[in-house]
K.L.:
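Structure provided below as structure tokens; questions to follow.
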Amino acid sequence: MSKTEPVEASNFIRNIIEADVAAGKHDAQVVTRFPPEPNGYLHIGHVKSICLNFGMASRFNGRCNLRFDDTNPARENEEYAQAILEDVSWLGFEWSELHHASDYFEQLYTYACDLIRAGKAYVDSSSADEMRAMRGTLTEPGTPSVYRDRSVEENLDLFKRMRSGEFDDGAHVLRAKIDLASGNMNMRDPTLYRIRKIAHVRTGDSWSIYPMYDYTHCVSDAIEKITHSLCTLEFEDHRPLYNWVLEQIDAPGAPEQTEFARLALEYTMLSKRRLIQLVEENHVRGWDDPRMPTITGIRRRGYTPASLRDFCERIGVTKNDAWIEMMVLENCIRDQLNVEAPRRMAVLDPIKVVITDLPEDYSETLSFANHPQDESAGRREIPFSSTVWIEQDDFAEVPPPKYQRLTIGGEVRLRGSYVIKCNEIIKDETGNIIELRCTHDPDTLGKKPEGRKVKGVIHWVCAKKGVNAQVRVYDTLFTVPNPAAAESFTDIINAESEKVMSMCIIEPSLTAAEPETHFQFERLGYFVTDRRDHSPTTPTFNRTVTLRDTWAKK
RNA sequence: UGGGCCGUCGCCAAGCGGUUAAGGCACCGGGUUUUGAUCCCGGCAUUCGGAGGUUCGAAUCCUCCCGGCCCAGCCA
């Protein structure tokens, strides 16, 4: 076997882990974790992180935990947590262990007391505003709070009473005692605990103080013996603090944080706040609107887990501020569905064609391959009669140059059927074409026409047996590549991001399809039966993506 | 000189002192085709943000410069 081995794409994180394993670091184990906060739906940016974390674990025969970073009960809820579990599973990943940061609250509290005893943390009774003022600026050092030198006994006592609920929100916080002059703002005595007299989904009201992310995350990683803690670039500045905390306590593990660039996808917005806004202001119909970049939305649009995993493979992992073109995502689903999706015919914007040289009650059954390159996909029967629907776009009274479809006096192949010629146009009183009267060449079924070339092939559906359906065609939600840069998104929302087409005609067999079944509608694109709205009596399809169209581009 | 980070083809991205600077997407040809799809074949960076330097040899090491991103939540 001398054939060239396909070189698996390398990335810096994989290289680091590879080197660590080779060096026997962390006992040559690889344990990662995906740590979402249950305060929103997962989106395609999270998919990158999920694929990385689960992918690395599986590649190195390690484990990947799913851990909810549930340290802020004010914003988190169970609906989000359930959705996250479903999305990760749907993507095809299985977590090794399921944890919650809240499982560690007691341990976190104990470590915090250790920190106080070691003189590494203190209770600050300044207000949030005062603390902000004392923090200094990017170029000026901070100034110490008057509470910075409280005794260990006083700190311990106060912290204990904070926990017991004696104080109101904001009365005190627990701060690490590090370096108020640090150029890294995170090291200027960061807050470790704040008082929040609010019930937590999992711990109820047993706590009135909650630990901050910086303190919780590293300790949670250590408790779970995570080896490689992968996160996005904005946490780079937090790494010194992550390490500082673990150095102060008697940590069970020695996780190492490595940061990578978060995904930036053209024409989409991935900030949780903005996504929530889209939903709440009804710019979309919900978290699973097929235009949303959420996993559930992308799923409803018709993307598959495999196509999303492929996407992550293609975009790579680096620290570059990279913008991924929409096309890259689209090509992933095209490539998968081109191989896997059975072909069908559907007419979205129909115009009637009457074949005048066939008896009015003529009907015939034609056999079609379900896939042109894959015999194993089988065949199906399609009804044909003297009246068919074709796409309005496939007829032009005044054809543009190089037009290969039906024109007056011209011929075109009805895919899998006969070559027809248009002889006459019928218009209504306002001038709209309502019917094309054509004749057919009976000697062209399954063979090329005699003595001439017919280049064009168009799709069609039998008017007698075709079934009415709703098809929703989608375009990008925004009109600009970087919507996040816009002042308000009301003026950059694409008014044509969704077009609901209710007069579509589909092959009769399509009504039997289960929800979430993928098809290629020939010459149009890939479509999926809607997860929620599709049924035999209400056939409903979403357009996942169009076919590549080199002609339309010109 | 507040701190941290990033710059390799239009868009991603390998590359880790010696390679003809991988690969994918896009693009441009040409072939096959009853989907203007797919598929196939070919083309596509004398050059790695810039300028110096080290070296027999630099995208890879050093210096300076230019451009971009992140940080002043009791958010994550």
Side-chain angles (χ1 to χ4, degrees), chain A residues 6-12 15 35-37 39 69 71-72 74-76 124 126-128 131-133 135-142 169-175 181-188 190-196 209-210 212-214 216-217 231-240 259 261 266 272-273 313-328 330-332 334-335 338-339 343 345 371-373 402-405 413-417 419 444 446-448 454-459 520-525 546-554:
Chain A
V7 183
E8 191 188 350
S10 172
N11 71 57
F12 80 102
N15 294 345
E37 183 188 11
N39 71 338
D69 237 325
T71 57
N72 188 352
R75 330 197 296 177
E76 297 151 8
D124 194 332
S126 308
S127 69
M131 272 181 59
R132 184 161 39 248
R135 190 152 28 234
T137 68
L138 293 178
T139 53
E140 297 159 320
D169 285 16
H172 311 278
V173 293
L174 183 73
R175 287 228 258 173
S182 174
N184 181 345
M185 301 300 283
N186 296 301
M187 300 299 269
R188 319 248 266 225
T191 300
L192 265 24
Y193 271 89
R194 74 289 216 190
I195 299 171
R196 279 280 176 285
I209 52 173
Y210 292 95
M212 299 287 289
Y213 165 84
D214 282 311
T216 310
H217 202 84
C231 64
T232 43
L233 247 28
E234 68 272 25
F235 291 102
E236 229 159 4
D237 285 347
H238 296 240
R239 179 157 27 96
E259 312 84 10
E266 287 187 346
K272 267 184 195 174
R273 206 193 103 243
E313 202 74 22
R314 295 190 195 193
I315 62 177
V317 182
T318 66
K319 300 182 82 152
N320 300 342
D321 303 312
W323 278 89
I324 307 299
E325 295 171 331
M326 204 41 155
M327 225 172 354
V328 177
E330 293 175 343
N331 284 330
C332 290
R334 282 193 184 109
D335 287 354
N338 173 49
V339 174
R343 314 284 118 128
M345 290 204 289
H371 195 293
Q373 282 88 33
K402 300 258 180 78
Y403 192 73
Q404 294 178 9
R405 312 174 198 176
R413 159 82 61 185
L414 289 180
R415 165 125 245 230
S417 175
V419 167
T444 54
K447 45 173 140 161
K448 299 200 187 308
V454 174
K455 182 93 168 109
V457 179
I458 64 174
H459 59 277
Q520 182 198 95
F521 287 172
E522 296 214 38
R523 301 210 311 132
L524 294 176
T546 61
L547 252 32
R548 275 195 194 87
D549 190 350
T550 49
W551 188 72
K553 281 178 189 167
K554 294 171 184 169

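Order of the sequence lines fixes the chain letters, A, B, ..., with proteins taken first and strands second; residue numbering starts at 1 for each chain.
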K.L.:
A/R334 side chain to A/N338 main-chain N or O, any donor-acceptor pair under 3.5 Å?
P.N.:
no
K.L.:
What does nucleotides 36-41 of chain B look like as a protein-contact string, B for base, S for sugar-phosphate only, - for none, at under 4.0 angstrom between heavy atoms?
P.N.:
BBB---
K.L.:
Determine the Euclidean distance between corresponding P atoms of B/rU1 and B/rU8; express it in Å to zero decimal places.
P.N.:
29 Å
K.L.:
Could you work out the separation of B/rC25 and B/rA37 based on their P atoms and round it to a whole Å?
P.N.:
16 Å
K.L.:
Taking any heavy-atom pair under 4.0 Å as a contact, classify A/R135: base, sugar-phosphate, or nothing.
P.N.:
sugar-phosphate
K.L.:
Which of parallel (below 30°), tilted (30 to 60°) and perpendicular (above 60°) describes A/Y213 and A/H238?
P.N.:
perpendicular
K.L.:
Without decimals, in angstroms, what is the distance between A/N186 CG and B/rG2 C1'?
P.N.:
13 Å
K.L.:
Measure the distance from CG on A/N72 to P on B/rC75 and round it to the nearest whole Å.
P.N.:
6 Å
K.L.:
Hey, are A/D124 and A/S126 close enough side-chain-wise for a donor-acceptor pair under 3.5 Å?
P.N.:
yes
K.L.:
Rounded to the nearest angstrom, tell me the gap between atom CE in A/M185 and atom P in B/rC74.
P.N.:
10 Å
K.L.:
Is there a Watson-Crick or G-U wobble partner for B/rG57 with both distances under 3.5 Å, and which nucleotide is it?
P.N.:
none
K.L.:
Are A/R239 and A/D214 ion-paired here, with the side-chain N under 4.0 Å from a carboxylate O?
P.N.:
no
K.L.:
Quick check: do A/R175 and A/M131 have side-chain heavy atoms less than 4.5 Å from each other?
P.N.:
yes
K.L.:
Once you apply a heavy-atom cut-off of 4.0 Å, does A/T71 come out as touching a base, just sugar-phosphate, or nothing?
P.N.:
sugar-phosphate
K.L.:
With side chains defined as the heavy atoms from C-beta onward, is the minimum distance between A/M185 and A/L138 less than 4.5 Å?
P.N.:
yes
K.L.:
Rounded to whole angstrom units, what separation is found between the CG atom of A/L174 and the C1' atom of B/rC74?
P.N.:
11 Å
K.L.:
So, A/N320 side chain and A/A322 main chain: donor-acceptor pair closer than 3.5 Å or not?
P.N.:
no
K.L.:
Between B/rC69 and B/rC12, how many Å separate the two P atoms, rounded to a whole number?
P.N.:
14 Å
K.L.:
Using the P atom in both, what is the distance from B/rC28 to B/rU38, to the nearest Å?
P.N.:
13 Å
K.L.:
With A/E37, which residues qualify under side-chain hydrogen bond (donor to acceptor under 3.5 Å, both in side chains), at least two apart?
P.N.:
A/N39, A/R75
K.L.:
For A/F12 and for A/R415, find the nucleotide of RNA chain B with the closest heavy atom, then tell me which residue's nucleotide is more 5'.
P.N.:
A/F12
K.L.:
Please work out if A/R75 contacts a base, only the sugar-phosphate, or nothing of the nucleic acid, heavy-atom cut-off 4.0 Å.
P.N.:
base
K.L.:
Pick base, sugar-phosphate or nothing for A/Y210, based on heavy-atom distances below 4.0 Å to the nucleic acid.
P.N.:
nothing
K.L.:
Grab the CD-C1' distance between A/E313 and B/rA13 for me, whole Å please.
P.N.:
12 Å
K.L.:
Does the side chain of A/M212 come within less than 4.5 Å of A/Y193's, by heavy atoms?
P.N.:
no
K.L.:
Can you tell me the pairing partner of B/rC9 across any strand shown, Watson-Crick or G-U wobble, with both distances under 3.5 angstrom?
P.N.:
none
K.L.:
Between B/rA13 and B/rG52, how many Å separate the two P atoms, rounded to a whole number?
P.N.:
29 Å
K.L.:
Pick base, sugar-phosphate or nothing for A/N15, based on heavy-atom distances below 4.0 Å to the nucleic acid.
P.N.:
base
K.L.:
Let me know the distance between CD of A/E259 and P of B/rA76, rounded to the nearest Å.
P.N.:
18 Å
K.L.:
Does a donor on one side chain and an acceptor on the other come within less than 3.5 Å for A/S10 and A/N15?
P.N.:
yes
K.L.:
Answer yes or no: does a side-chain N or O of A/T191 lie under 4.0 Å from OP1 or OP2 of B/rC74?
P.N.:
yes
K.L.:
May I ask which nucleotide in the shown strands pairs with B/rA72, Watson-Crick or G-U wobble, both distances under 3.5 Å?
P.N.:
none
K.L.:
Looking only at side-chain atoms of A/N331, point me to the closest of B/rA76, B/rG2, B/rC25.
P.N.:
B/rC25
K.L.:
Check this one for me: any side-chain N or O of A/R196 less than 4.0 Å away from OP1 or OP2 of B/rC75?
P.N.:
yes
K.L.:
Under a 3.5 Å limit for both distances, which nucleotide forms a Watson-Crick or G-U wobble pair with B/rG29, could you say?
P.N.:
B/rC41
K.L.:
Answer yes or no: does a side-chain N or O of A/R334 lie under 4.0 Å from OP1 or OP2 of B/rC25?
P.N.:
no
K.L.:
Under 4.0 angstrom, heavy atoms only, what part of the nucleic acid is A/M212 near: base, sugar-phosphate, or nothing?
P.N.:
sugar-phosphate
K.L.:
State whether the side chain of A/R413 and the backbone N or O of A/T444 hold a donor-acceptor pair below 3.5 Å, judged by distance alone.
P.N.:
yes
K.L.:
Could you give the distance separating B/rA51 and B/rG67 at their C1' atoms, to the nearest angstrom?
P.N.:
15 Å
K.L.:
Would you kindly give the CG-to-P distance between A/N184 and B/rA72, to the nearest whole Å?
P.N.:
11 Å
K.L.:
C1' atom, B/rA26 versus B/rC9: distance in rounded Å?
P.N.:
11 Å
K.L.:
Using whole Å, what does the distance between atom C1' of nucleotide B/rA26 and atom CD1 of A/I315 come to?
P.N.:
17 Å
K.L.:
For B/rA13 and A/S10 - does any side-chain N or O of the residue sit under 4.0 Å from the phosphate oxygens OP1/OP2?
P.N.:
no
K.L.:
Under 4.0 Å, heavy atoms only, any strand: does A/H217 hit a base, just the sugar-phosphate, or nothing?
P.N.:
nothing
K.L.:
Contact class for A/S126 (heavy atom, under 4.0 Å): base, sugar-phosphate, or nothing?
P.N.:
base
K.L.:
What one-letter contact string describes nucleotides 4-11 of chain B from 5' to 3', where B marks a base within less than 4.0 Å of any protein heavy atom, S marks contact via sugar-phosphate atoms alone, and - marks no contact?
P.N.:
SSSS--BS
K.L.:
Check whether A/E76 reaches the backbone of A/N72 with its side chain - one donor and one acceptor, N or O, closer than 3.5 Å.
P.N.:
yes
K.L.:
On a whole-Å scale, what distance lies between the C1' atoms belonging to B/rG3 and B/rA72?
P.N.:
11 Å
K.L.:
Flag the pair A/R548 and A/E330 as a salt bridge only when some basic side-chain nitrogen lies within less than 4.0 angstrom of an acidic carboxylate oxygen.
P.N.:
no
K.L.:
Using the side-chain heavy atoms of A/T318, tell me which of these nucleotides is nearest: B/rC74, B/rC75, B/rA13.
P.N.:
B/rA13
K.L.:
Going by a 90° cut-off around 0, is B/rG7 syn or anti?
P.N.:
anti
